[in-house]
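See structure below.
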Amino acid sequence: MEDVLFWADSKARKITEREKFHYIDKDIPEFDKLTIKTSASISGVLHIGRLSDTIRADSVCIALQEAGYDVELIWVAEDMDPLRKIPEGVPQKFEEYIGMPVTSIPDPWGCHSSYAEHHVSPYFEVIQEFVRTDIKGYSMREEYTSGNFTHYIKEILENQNQAIEILNRYRQKPIPQGYSPFVPICENCGKIITTRVDKYEEGKVYYSCQDYKFEKYTAKGCGHIGIADPLKDMGKLMWKSEWAAQWARWRVVSEGAGKEYIVPMSAWWVNSEIAEKILGFPMPVPIFYEHLMINGEKMSASLGNVVYPKDWLEVAPAQLLRFFYNKKLMKTRSFSWQELPRLYDDYDNHARVYFDLEKVGSEKELKHMRRLYEISQLDTAEKPNPLPFSHAAMVASVYKEKDDIISSLEKSGHYREEMEEYILRRVEYARVWFEKYAPEIKSFLIDDLNEVREKLSEEQIRFLGKLGKVVSSSDMSGEELQQKIYEIAQELEVPLKAAFQSIYLVTLGKAYGPKAGMFLASLPRKWVIKRLEEAAS
RNA sequence: GGGCCCGUAGCUCAGUCUGGCUAGAGCACCGGCCUUUUAAGCCGGGUGUCGCGGGUUCAAAUCCCGUCGGGCCCGCCA
């Protein structure tokens, strides 16, 4: 049997070769199709970090499919979750909805049927662009409403004592009396987090609606005292048992989970035990992964570093994010906009290896690189792009017109007619990246000429003086300026390199910079004239 | 108290799972070339106690044990 090098293939093998349940001595049942679940809580921000779960689940789907199995990828909107904070852009008066299921809250923007729907529908549409497998979507709210979970609620309630026994083994303080794994929605105010169950008796939960404190906001309870029937009334299972019920309901064989679930006391293992011992369904094969970091920080709305899927698609294709996530599973993936060009280079390198255009040290590494590239594709594998992203950014920063871009690329040898679309697409990705995320390379003009004065040679000073006169005498376009620079350098017999360097030195303080004519033309003319005169004096 | 990840060139990392050529890449850096692509290109240069200490082995960056440093995480939430 061939060695399995790629993590998704090894997960696939684990899924198909396991024989026994994890906690009990029972045989794994037959599955006519293998279902992998991915989901997202709607109370949070749907950024690209959430795609990690989905993309990785998709990779395992692909691996299984290629191994000859029928697969299904499902995405579940955890929309019975209560709203726990007021996100940016949402009116402060929505504070009254804190604690209410996101599906019961009106859309603050008024364009969808609910708060949840407003976030779910665009997100669900965009995630399909990042995966190869067709995703089937579900809503927990609908699941509960249509009674698909009633059976599991019943099972768990009937085995209440065993459930409590399991839960207790995972906690320091035992479960208080009157505990119910089912939490009702308050029949009076419609909130779900505020209903405190006081007792569970003869198939009914007795609750009172009390304040619940989230990190920042408090869900106000209405004080209502009520009785709910878990099999009839609206409500949901607690997280520790709901997950188990979800696995059983969709016959999930594998699901992704953040690395925080690896710890022995986490909800993953509690749910697994409940699923196996109470619901008779085997623990899925976990796909634990590290979280995405951006600039070494967690991605969060409060830090203002959130990247949405559509932001990503403006600067890079979906394949690139797939590649990023597929590279490694258990390794902190830190991303920053600054390193996007490097990610592109890495991707291009894998493409060249995939198409046999580049050699790699070991056979092992070669296989791994090919598999990684292949699984990161959406349909047919993209041919290696001859245009490095950093160069694309440079070209985009100087030229706007298609013809200018092509002629520049022809001269630099990055152009292939048969790949024109792919190449130009990259220039446009690079343009957005350059304009939105790379202000730091857009140059910092030095404030004080004295920083670099010593570095200027006699001939450079002469050159700058002449250039200053020319600039002040007439208002020229970037192209004309570029031409003048050559002419002046020739006239004064200053080597071109020295001439260009002197321009960058007195502006950016560095020996290099963007195409000089365009660059100077883009700066305030008065400033340029003053600076050149200063340099020459 | 416990778990996971990381520690390899100046920087960012690959290579570790599955031990095997002289430990690699990109960037940066140094030297050279380029009179109309000066954030570009071409040629040449590797700058290293693979965190540290043991062990296993013919062979260790890779496996095992220990240790130090950094990051993240262990709920009555989901």
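The sequence lines fix the lettering, A, B, ..., with proteins before strands; numbering per chain opens at 1.
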To the nearest angstrom, the CZ-P distance between A:Phe324 and B:rA14 comes to 11 Å

Once ring pair (Phe, Tyr, Trp, His ring centres under 6.0 Å) is applied, do any residues pair with A:Tyr354, and if so which ones, sequence neighbours excluded? A:Tyr373

By ring pair (Phe, Tyr, Trp, His ring centres under 6.0 Å) - contacts of A:Tyr97 (at least two apart): A:Phe94

Would you measure the distance from the C1' atom in B:rC76 across to the matching atom in B:rC72 and give it in whole Å? 24 Å

Quantified in whole Å, what is the C1' atom distance between nucleotide B:rC43 and nucleotide B:rC6? 38 Å

By salt bridge (Lys or Arg N to Asp or Glu O under 4.0 Å), A:Lys37 pairs with (sequence neighbours left out) A:Glu78, A:Glu255

Intra- and inter-strand pairs of RNA chain B in dot-bracket (Watson-Crick or G-U wobble, both distances under 3.5 Å; | for another strand): ((((((((.[[[[.)....(...]]]].(((((.......))))).....[[[[[..)....]]]]])))))))....

Taking the six-membered ring for Trp, is the centroid-to-centroid distance between A:Trp268 and A:Trp247 below 6.0 Å? yes

Taking CZ from A:Arg352 and C1' from B:rA25, how many angstroms apart are they, rounded to a whole number? 11 Å

Comparing A:Ala498 with A:Asn349, nearest RNA chain B nucleotide closer to 5' gives the residue A:Asn349

Quick one: ring pair (Phe, Tyr, Trp, His ring centres under 6.0 Å) partners of A:Tyr217, sequence neighbours excluded? none

What is the distance from NZ of A:Lys259 to P of B:rC73, rounded to the nearest Å? 7 Å

Tell me what A:Gln501 touches on the nucleic acid: a base, only sugar-phosphate, or nothing, going by heavy atoms under 4.0 Å. nothing

Please give the distance between the C1' atoms of B:rA25 and B:rG69 as a whole number of Å. 27 Å

C1' atoms of B:rG53 and B:rA60, separation to the nearest Å: 15 Å

Of all residues at least two apart in sequence or in a different chain, which pass the side-chain hydrogen bond (donor to acceptor under 3.5 Å, both in side chains) check with A:Arg462? none

Measuring only the P atom in each nucleotide, how far is B:rG51 from B:rC58? A whole number of Å is fine. 25 Å

Rounding to a whole Å, what distance do you find between A:Phe288:CZ and B:rC17:P? 22 Å

Figure out the CG/C1' separation between A:Leu387 and B:rG41, and round it to whole Å. 14 Å

Run the side-chain hydrogen bond (donor to acceptor under 3.5 Å, both in side chains) test against A:His119 and tell me which residues pass, sequence neighbours left out. none

Given B:rC74, B:rG2, B:rU38, the nucleotide with the shortest approach to the side chain of A:Pro264: B:rG2

Between B:rA14 and B:rG26, how many Å separate the two C1' atoms, rounded to a whole number? 10 Å

Without decimals, in angstroms, what is the distance between A:Trp7 CH2 and B:rG15 C1'? 20 Å

B:rG24 versus B:rU8 - spacing of their C1' atoms, nearest Å: 10 Å

Taken to the nearest whole Å, CG/A:Leu343 to P/B:rA25 is 20 Å

d(CD1, A:Ile262; P, B:rC72) in whole Å: 16 Å

Short N-O contact, A:Lys402 and A:Glu420, less than 4.0 angstrom: yes

A:Trp250 and A:Tyr138: aromatic ring centres closer than 6.0 Å? yes

List, with names and distances, any nitrogen or oxygen atoms from the protein found under 3.5 Å away from nitrogen or oxygen atoms belonging to nucleotides 76-78 of chain B.
residue, atom, partner, partner atom, Å
B:rC76, OP2, A:Arg171, NH1, 3.3
B:rC77, O4', A:Tyr212, OH, 3.2
B:rC77, O2', A:Arg84, NH2, 2.6
B:rC77, O2, A:Arg84, NH1, 3.0
B:rA78, O3', A:Asp81, OD1, 2.7
B:rA78, O2', A:Asp81, OD2, 2.7
B:rA78, N1, A:Tyr261, OH, 2.9

Would you check if the distance from the ring center of A:Trp75 to the ring center of A:Phe124 is below 6.0 Å? yes

For A:Ser52, all residues meeting side-chain hydrogen bond (donor to acceptor under 3.5 Å, both in side chains), sequence neighbours excluded: A:Arg56

Kindly list each side-chain donor-acceptor pair under 3.5 angstrom involving residues 491-505 of chain A, sequence neighbours excluded, with atom names and distances?
residue, atom, partner, partner atom, Å
A:Glu491, OE2, A:Lys466, NZ, 2.9
A:Ser502, OG, A:Ala499, O, 2.7
A:Tyr504, OH, A:Pro514, O, 2.5
A:Tyr504, OH, A:Ala516, N, 3.4

Are any protein N/O atoms closer than 3.5 Å to N/O atoms in nucleotides 28-35 of chain B? If there are, list each pair with its distance.
residue, atom, partner, partner atom, Å
B:rU35, O2, A:Gln490, NE2, 2.6

Please state the C1' separation for the pair B:rG7 and B:rG44 - nearest whole angstrom. 33 Å

Partners of A:His414 by ring pair (Phe, Tyr, Trp, His ring centres under 6.0 Å), sequence neighbours excluded? A:His391

